[in-house]
Amino acid sequence: MPKKRSGGGLSTTQQAAKFLGVSVLAGAVMAGIALPAAGALGLAAKGSVKTFDEIPANLKSPQLSQRTTILDNQGRLIATDYSRDRTVVELKDMSPYMQKAIVAIEDSRFYKHGAIDLKGVLRALNKNAQEGGVAQGASTLTQQLVKNYFIEEAGDDPTKVAQATQQTIGRKIRELKYAIQIEEKLGKKKILENYLNITFFGEQAYGVEAAAQRYFSKHAKDLNLQESALLAGIVQSPSRYDPVNDEAEARKRRNTVLQRMAEVGDVSQAEADRAKDKPLGLHISRPKNGCITATKGGAFFCKYVEHVMLNDPAFGKTREERARLWNHGGLTIRTTLDPQAQESVQASLKEHVYKSDRVAAAATLVEPGTGKIVAMGQSKPFGSGKDETEYNFSVNKEMGGSNYGFPTGSTFKPFVAAAAIEGGKPATQEYSAPYKMNYPSPVQRCSSNPYVNTKGETVENENESEKGPYRMKEAMAKSINTYFVQLISDIGLCPVAKMTDALHVVQGDGSKLPETPSIALGSIGLSPLTMASAYATFASRGMYCTPVAIESVVQKIGDEQKSLEVPKSTCSRAMSEKTADTVNTLLRGVVDSGTGQEAGLTDRESAGKTGTTDERKNAWFVGYTPNMSGAVWVGSAKQNVQMTGITIGGRYNDLVFGGKVPGPIWRDAMAGALAGKDAPGFQLVDIPDDSKGGGKGKGPGGTDDGNGDTTGQEIGGLIGGLTDGGTADGGATGDTTGGTIGGPLPKPTFSFPENFIQGQGNGGINGNGNGGRRG
């Protein structure tokens with residue numbers, strides 16, 4: 001049995017055998033190169049390695065993964081994202097010192113040999129045999145480039161990476177064959193350029209441009225002699241020669257490179273010596289990767305853009321294709337985000353709701369007529385730390401949002417009104433609208449089975465003084481629950497379903513809305529983006545446009561730029577202009593004299609609706625001008641905070657309702673977003689004032705302006721255990737629990753499902769839904 005040296009290395013006999021075997025391999029390869037038609041080289045040991053001729057000569061340069069840049073609609077940076085931080089540059093944009101340094105230390109005969117340096121192979125074999133190990137390599141830059149191609153193609157797949165780097169004769173043979181092909185196809189300059197763009201320099205930097213930015217905060221073309229030598233030295237072992245973690249080792253390696261440059265005549269010995277005395281001169285720029293680094297609170301919008309790229313068929317037929325496009329990067333994505341609007345949204349959220357508050361707030365602004373999302377933000381920053389979240393409360397589950405959306409309360413009522421008006425009901429339609437009543441029964445659905453109130457569920461207004469008769473205008477301004485229950489009973493549930501379908505209103509989990517009378521009062525969970533887009537239809541006089549976040553995508557492939565197709569907003573008529581104009585007139589009354597007075601804008605026309613749900617767990621304001629629509633939600637993501645006796649944004653609130661906290665957020669966000677922009681007006685219609693004096697809504701202890709109780713006295717009017725938008729213990733078939741004015745807040749009678757993460761409406765055909773207070 002051969003003996004090992006005391007240090008564990010190979011014995012003299014083993015070294016000789018290894019040297020002989022590798023020499024034979026080298027000779028055989030050379031023979032195969034010179035005489036490819038000679039057939040098999042005898043290297044296919046046990047059939048595991050293909051002969052040299054059998055390896056297909058079709059290697060193509062891979063599309064290098066690069067950083068993706070995400071811009072706002074003004075071309076300003078929002079964030080960069082990459083799986084590998086790389087910016088491909090041409091050879092002319094790389095310092096001459098860098099080019100010479102990498103050649104000197106990695107392949108000093110680069111310009112003198114072909115794909116394979118036979119002299120280098122023999123020298124390395126001799127050296128390694130003498131040392132009893134691998135003391136010197138013989139791979140040319142071209143061979144190293146081929147190896148990096150294999151690694152790049154492997155991506156993040158550990159199995160493929162292992163195959164690309166395995167130390168086998170088969171892999172070496174493949175490298176040699178492809179190296180010859182590349183030498184013939186590309187030439188020396190392009191090979192050097194590709195190598196400097198593909199190789200890994202440590203600290204997450206791929207390619208010399210990223211390395212120059214990471215270590216010296218400068219471009220590759222501006223690297224000096226000692227900086228170039230440092231980077232060239234890192235390539236052999238990025239972890240060992242990492243200047244950030246081991247400055248002494250990195251300096252030693254840098255000086256080795258400088259000395260080698262002097263030896264091959266790239267610089268004089270005096271120049272090399274002077275450079276050796278220089279400090280490393282690091283000026284580290286930490287990598288800023290991903291949406292978490294987005295500016296102006298744009299992280300959630302940035303993640304939305306990423307979800308669009310990964311979900312929309314415009315970017316690939318399958319999710320795998322879309323993921324490959326995103327991970328390869330090299331994209332410049334220009335988005336619809338308006339920096340003025342985004343900054344205004346974030347400033348308003350920061351002013352009114354603190355990130356440390358028990359509740360959160362989310363706001364989204366959309367441009368009517370185009371569907372462009374111009375702002376998206378929330379009070380809790382993007383992240384996984386304390387008072388942070390990675391869930392985007394503004395969007396549906398599929399796009400990174402909450403599991404179900406959030407119950408909307410009375411902000412749903414305009415959809416019922418639109419359905420009724422579109423079907424021929426006049427805006428002067430009057431109902432008795434008593435303080436309290438049973439849900440009407442039966443109510444026709446789109447299906448053959450009507451809703452029937454078999455258990456005598458009831459619905460109530462906010463307080464006993466609110467009793468009709470009411471017409472639509474006053475009922476909308478004061479958010480009279482019994483009026484809208486009577487209205488939906490009169491027209492049936494099917495027109496409402498058709499209207500919400502036309503407005504693309506779906507639950508937060510993407511499912512259709514249930515057909516139940518409690519839907520009129522906002523018991524179902526929706527997202528702010530859904531609400532803002534639907535209300536934008538009123539602003540654009542009946543035209544619904546699907547929301548879009550991307551204006552253009554340009555992909556860099558080699559030296560070329562390719563424009564990709566992007567999703568376009570699809571606009572369709574959801575209602576007549578007359579219906580939209582009528583709803584606009586109704587909702588102007590909400591901000592002029594109704595529950596949303598605190599949200600009204602002073603310098604332009606606006607309209608909107610408030611909403612507050614059962615136990616005040618959610619509060620909304622959704623509103624618009626003719627040229628911008630926005631939705632604001634405030635509440636607990638897990639639906640476990642009752643917003644009574646609560647401090648939000650440093651301000652104490654006895655009761656939170658849609659017009660009080662969300663309303664001012666909306667007002668300030670919209671005011672800043674629209675500053676300096678045109679202020680067009682609505683096309684209003686004439687809706688005669690109510691002819692009857694009933695139902696003026698005088699609340700106990702003061703006038704009712706829709707804000708609950710202007711005297712600070714708690715009003716606990718319930719709708720079978722819910723208020724203004726809810727139903728008894730969850731809707732159409734639940735049990736009533738009754739309610740009192742000034743009484744205690746109701747306690748929820750439902751439980752959250754296992755693994756519940758975010759707020760849900762718990763609404764369904766059979767109820768189980770949070771309802772809505774008046775706002």
Side-chain angles (χ1 to χ4, degrees), residues 63-83 85-89 209 288-316 321-346 364-377 382 392 394-395 399-400 529 532-533 536 545-571 627-629 673-674 676-677:
Q63 179 186 330
L64 299 185
S65 59
Q66 302 182 63
R67 65 169 59 191
T68 284
T69 303
I70 304 170
L71 309 174
D72 63 26
N73 67 1
Q74 301 298 309
R76 301 169 187 169
L77 180 67
I78 297 174
T80 56
D81 190 278
Y82 49 82
S83 58
D85 185 11
R86 177 189 284 118
T87 301
V88 175
V89 295
E209 177 67 17
K288 294 182 178 180
N289 181 26
C291 291
I292 196 169
T293 66
T295 60
K296 294 182 169 54
F300 294 102
F301 177 81
C302 175
K303 291 299 290 185
Y304 180 81
V305 169
E306 179 180 339
H307 279 285
V308 172
M309 294 286 296
L310 293 174
N311 284 282
D312 199 295
F315 299 109
E321 288 181 27
R322 298 189 290 269
R324 187 159 54 248
L325 173 65
W326 179 260
N327 290 331
H328 270 145
L331 309 173
T332 300
I333 304 172
R334 192 167 182 131
T335 71
T336 59
L337 193 75
D338 183 309
Q340 176 181 330
Q342 179 65 25
E343 190 169 347
S344 181
V345 163
Q346 281 303 126
T364 295
L365 304 184
V366 173
E367 185 176 83
T370 68
K372 293 179 180 179
I373 304 170
V374 297
M376 181 181 289
F382 183 86
N392 186 347
S394 285
V395 302
M399 305 303 285
L529 177 57
S533 298
C545 296
T546 56
V548 290
I550 299 174
E551 292 190 342
S552 67
V553 177
V554 176
Q555 183 182 24
K556 185 177 181 182
I557 304 177
D559 299 332
E560 298 180 357
Q561 304 279 345
K562 177 184 177 183
S563 293
L564 304 182
E565 291 293 325
V566 300
K568 303 293 185 183
S569 179
T570 302
C571 297
N627 53 351
M628 191 168 292
S629 174
L674 291 169
K677 291 181 169 56

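Because the structure is a prediction, the values reported are computed rather than measured. Nothing fancy with the numbering, it's 1 onward along the sequence.
Here the closest heavy-atom approach between residue T364 and residue L529 is recorded as CG2-CD1, 3.8 Å. Minimum heavy-atom separation, C545 to G371: CB-N, 3.7 Å. For the residue pair T546 and T570, the shortest heavy atom distance occurs at OG1-N, 2.9 Å. Annotation for P567 and V548: closest pair O-CG1, 4.1 Å, computed over non-hydrogen atoms. Across V374 and A341, no two heavy atoms sit closer than the pair O-CB, 3.8 Å. Residue G290 comes nearest to A79 through the heavy atom pair O-CB, 3.9 Å, listed as atom of the first residue, atom of the second, then distance.
Distance OG/S552 to CG/L331: 11.0 Å, rounded to 0.5 Å. Between atom CZ of residue R76 and atom OG1 of residue T335 there is a gap of 12.0 Å, rounded to the nearest 0.5 Å. Of the inter-residue distances, the one linking N289 atom CG with T80 atom OG1 reads 6.0 Å to the nearest 0.5 angstrom. Residue T68 holds its OG1 atom at 7.5 Å from CG of L325, rounded to the nearest 0.5 Å. Separation of atoms CG (D72) and CD1 (I78) is listed at 5.0 Å; rounding is to 0.5 Å. Distance check: I373 CD1 to S533 OG gives 6.5 Å after rounding to the nearest 0.5 Å.
Taking 4.5 Å as the limit, every side-chain heavy atom of M399 sits out of range of all side-chain heavy atoms of N392. Using a 4.5 Å heavy-atom threshold, the side chains of C571 and T370 count as separate. L71 is listed as a side-chain neighbour of L77, based on a closest heavy-atom distance under 4.5 Å. Inter-residue side-chain proximity for V395 and M376 is flagged as met; some heavy-atom pair is nearer than 4.5 Å. Two residues are said to be in side-chain contact when any heavy atoms from C-beta on lie closer than 4.5 Å; Q561 and T332 fail this criterion. Using a 4.5 Å cut-off on side-chain heavy atoms (C-beta onward), L564 and M309 make no contact. With a 4.5 Å cut-off on side-chain heavy atoms, W326 and D81 count as touching. Contact annotation: the side chain of S65 approaches that of R86 to within less than 4.5 Å [non-hydrogen atoms, C-beta and beyond].
Within a 6.0 Å radius of NZ in K562, no more than 12 heavy atoms belonging to other residues, nucleotides or ligands are found. Enclosure of atom CD in Q555 by more than 12 non-hydrogen atoms of other residues, nucleotides or ligands within 6.0 angstrom is indicated. For E565, the CD atom is loosely surrounded, since the number of other residues' heavy atoms within 6.0 Å does not exceed 12.
Between the side chain of Q74 and the backbone N or O of P339, no donor-acceptor pair lies under 3.5 Å. One N or O on the side chain of Q342 and one on the backbone of G297 form a donor-acceptor pair closer than 3.5 Å. Checking side-chain atoms of S629 against main-chain N and O of V366 turns up no donor-acceptor pair under 3.5 Å. Looking at S83, its side chain does come within 3.5 Å of a backbone N or O of N327 through a donor-acceptor pair. No donor-acceptor pair closer than 3.5 Å links the side chain of E367 to the backbone N or O of M628.
Remark: R67 pairs with D85 by the salt bridge (Lys or Arg N to Asp or Glu O under 4.0 Å) rule, at least two apart or across chains. Remark: A299 engages A294, F382 in a side chain to side chain contact (heavy atoms under 4.5 Å, CB included) (not counting sequence neighbours).
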Apply side-chain contact (heavy atoms from CB on, under 4.5 Å) to residues N73 and T336 and explain how you reach the verdict. CA-CA 5 Å; N73 67 1; T336 59; 5.6 Å; no
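Sorted by first and then second residue, the salt bridge (Lys or Arg N to Asp or Glu O under 4.0 Å) pairs involving residues 297-310 (not counting sequence neighbours) are K303-E306.
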